[in-house]
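Proteins come first, then strands; the chains are lettered A, B, ... in the order of their sequence lines, and each starts at number 1.
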Number of protein chains: 2
Amino acid sequence: MDKKKKKPTIYDVAKHAGVSITTVSRILNAPNKVNSGTWERVIASIDALGYVPKAEARARAMQKNGRIGVITPFFTAPSFVQRLRGIAGALSPMNFELVIYTVDSTNHLQRYLSTLPLTGNLDGLIIISLPVGDLDASRLIDHGLPTVLIEYPHPNLNCVEIDDVQGGRMAATYLLKKGHRRIAFLGDTDLPEYSIHPVSLRLSGFRQVLKESGIDLPHTLVRLAPYSQEQTRQAARELLSLAEPPTAIFAATDFQALSVLKAAHQLNVRVPEQLAVIGFDDLDMAEYADLTTIGQHLDESGKLAVEILLTQMESSSPLPRHVQIPLNIIERKTA
Amino acid sequence: MDKKKKKPTIYDVAKHAGVSITTVSRILNAPNKVNSGTWERVIASIDALGYVPKAEARARAMQKNGRIGVITPFFTAPSFVQRLRGIAGALSPMNFELVIYTVDSTNHLQRYLSTLPLTGNLDGLIIISLPVGDLDASRLIDHGLPTVLIEYPHPNLNCVEIDDVQGGRMAATYLLKKGHRRIAFLGDTDLPEYSIHPVSLRLSGFRQVLKESGIDLPHTLVRLAPYSQEQTRQAARELLSLAEPPTAIFAATDFQALSVLKAAHQLNVRVPEQLAVIGFDDLDMAEYADLTTIGQHLDESGKLAVEILLTQMESSSPLPRHVQIPLNIIERKTA
DNA sequence: TGATAGACTGAAAGTGCTTTCAGGCAACCC
DNA sequence: GGGTTGCCTGAAAGCACTTTCAGTCTATCA
């Protein structure tokens, strides 16, 4: 099939056919300018070597088969993966290539946002759980790259939004209804601070409802721990070791709720009898752990993002769509 | 937003920002190598001029596309995701684009395998848990697309292999040592049958050891259920409802082990006292569930695949590397 | 027969970008 | 205070092609 190990270049073809690269180039671009004898000889060489002009391959990849990009925080957190799954599922039958860009620092994100719209030749972009600034937003718009954000909204871009405040309210209402009065909150701190953190919103909704019911949420019952199992567990242990430990904990994410469960288990605190635990996300794992949680339809939100994106790619209507995905409380056995 | 009618080039940007084209190029490709003051100035110029790097020129100068593809079964199964995570992690610092192709039927896979190597827009390919035939293998080789397989090996391609037989042996040995004599196996049936299924290998290793110890593994204690929670649970329930139920179950994957745990819980069977459960994979979730399991370093195997791929992309040595990843038994609380 | 238009062709000069290499500069180390 | 290290930076040399331009050759015409 081919004689050389390396991909042949136009030079190889030229040498093989005994002509100059000019001629080879012309055959590809202006075949009528070269006489048919030469043409045949060169074409034969092209076939023999399996030559594929690189630029063309690139161009073909760029415009023909659609490519849509996804920028996501490096997928440590299962919630990102579940959304990604929704995206992949929706994209797969559409014959789109899915290009993943993982981000582990704000810097990294900046770089993608400043170069991708220009260089990447993407047909569309989905950004999961990362805040984009005004400058980036207008760059995306100026360059006409259809974009959908998930979770962190921006006024000028399409968004799939989560009503975190409402989620916090739901959790509080639920726990209150179950008779809890001494309730703690456990969230994470990891994400960038220059933007409104979903966890803060969940906390504020949570706090609102408690306040409306005349219940205090003292500092001691609010913990923020980095998004790691061990540190979350430590925070949970601290809460449970208080002189007056809470009877319920609202964890800002299921990932953390699971760590709370673990800590409770270690300390022989029975769930839900002695401690109610409620999470947020409804990860796959939540079901295994019988975790009561606020579901946010992670897969669905990915799918929805794709739909919005596809719509915009076709019509390129200028006004951004903002869609709230509904939250629902999923009652299982931990609260 | 832009001043000239002509498309600006890297030279224009350089002049506008008062730096060399080298620096501009570096900003796009290796931003960490230029200090932030310069970075800001150049980015500002890029925005001011509306500069768009030409992808084609870029690919030309780089002699590569900077894209590596991953073909994976549609990621329902957490084990694929975890490997993918390893891949993404290893690729991210290397400045490669990660293109995901999800596959949900053999047909689909065939299509990718026959077109991907030809178009030449991929620099490398990783195939997760999918069997590739001889014809496809030689196409990949002929077209010089470096490829690494994970899990399903092929003699002529690089592979990251899992010693499933050994894994089965380990599980059996462990349970035997714990004193179990009536042991069941629960596996899944979903994957393509025209190739050796890892689950069968795990079963055969498992069976070997039992036989070596003179223990029978009757038909009734071997169940294969489709890879779904409900059906696995059903199978587990059946096992536990036998007149003489097993005292231990080896589940071919953690995903299924978790379902077994669930079923046991529903039937008020205490684990590990009345029933020992051991899984295979060591998913993230396994730790939460305190599941004893055979760990196969999923993240690591992804990372390893990338390393092998990168090595081959550089040296393009013709002889395929086959690497076994070590298995280890992770003793937790279910067995 | 000699002039000449026209058809082909290749050397070499771009093209827009990346990368190597070496120099400049500042901080650090006895 | 000289030597070492390490970070930034730009000049210049590629890269895989395309295009220009100056030929060479042949067929044609008076």
Rounded distance (Å) that lies between atom [atom2] of [N] and atom [atom1] of [X]:
{"X": "A/I27", "N": "D/dA16", "atom1": "CD1", "atom2": "P", "result": "20 Å"}
{"X": "B/I10", "N": "C/dT15", "atom1": "CD1", "atom2": "C1'", "result": "12 Å"}
{"X": "B/L28", "N": "C/dG16", "atom1": "CG", "atom2": "P", "result": "15 Å"}

Under the criterion side chain to side chain donor-acceptor pair (under 3.5 Å), I'd like the reasoning laid out for B/D136 against B/Q110: C-alpha separation, chi angles, the key distance, then a yes or no.
CA-CA 8 Å; B/D136 299 316; B/Q110 263 317 313; 2.9 Å; yes
Report yes or no: does A/H322 contribute a side-chain atom to a donor-acceptor pair with the main-chain N or O of A/L157 at less than 3.5 Å?
yes
Is the backbone of B/L145 close enough, under 3.5 Å, to the side chain of B/T147 for a donor and an acceptor to pair up by distance?
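Indeed, once roles are kept as given, a pair shorter than 3.5 Å links the two residues.
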Any A/Y11 side-chain nitrogen or oxygen under 4.0 Å from OP1 or OP2 of D/dT18
no
What does A/T9 touch in the nucleic acid at a heavy-atom separation under 4.0 angstrom: a base, only the sugar-phosphate, or nothing?
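A/T9: backbone/sugar contact only, no base atoms under 4.0 Å.
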Between B/R83 and B/S129: side-chain donor-acceptor atoms closer than 3.5 Å:
yes
When you compare the protein's N or O atoms with those of nucleotides 7-10 of chain C, which come within less than 3.5 Å of each other, and at what distance?
| residue | atom | partner | partner atom | Å |
| --- | --- | --- | --- | --- |
| C/dT9 | OP1 | A/T38 | OG1 | 2.4 |
| C/dT9 | OP2 | A/N35 | N | 3.3 |
| C/dG10 | OP2 | A/S20 | N | 3.1 |
| C/dG10 | OP2 | A/S20 | OG | 3.2 |
| C/dG10 | OP2 | A/T23 | OG1 | 2.5 |
| C/dG10 | N7 | A/R26 | NH2 | 3.0 |
| C/dG10 | O6 | A/R26 | NH2 | 3.1 |

Applying salt bridge (Lys or Arg N to Asp or Glu O under 4.0 Å), run through B/D12 and B/K15 and close with a yes or a no.
CA-CA 5 Å; B/D12 301 321; B/K15 200 187 304 170; 5.1 Å; no
Which residues pass the side-chain contact (heavy atoms from CB on, under 4.5 Å) test with B/R85, sequence neighbours left out?
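B/R85 satisfies side-chain contact (heavy atoms from CB on, under 4.5 Å) with A/F74, A/F75, B/Q82, B/D284, B/D299 once adjacent residues are dropped.
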Short N/O separations, protein against nucleotides 22-28 of chain D, under 3.5 angstrom:
none

Which heavy atom of B/T38 sits nearest to which heavy atom of B/T23, and what is that distance?
CG2-CG2, 3.9 Å
Charged N to carboxylate O under 4.0 angstrom, B/R139 versus B/D142?
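So B/R139 does not pair with B/D142 through a salt bridge.
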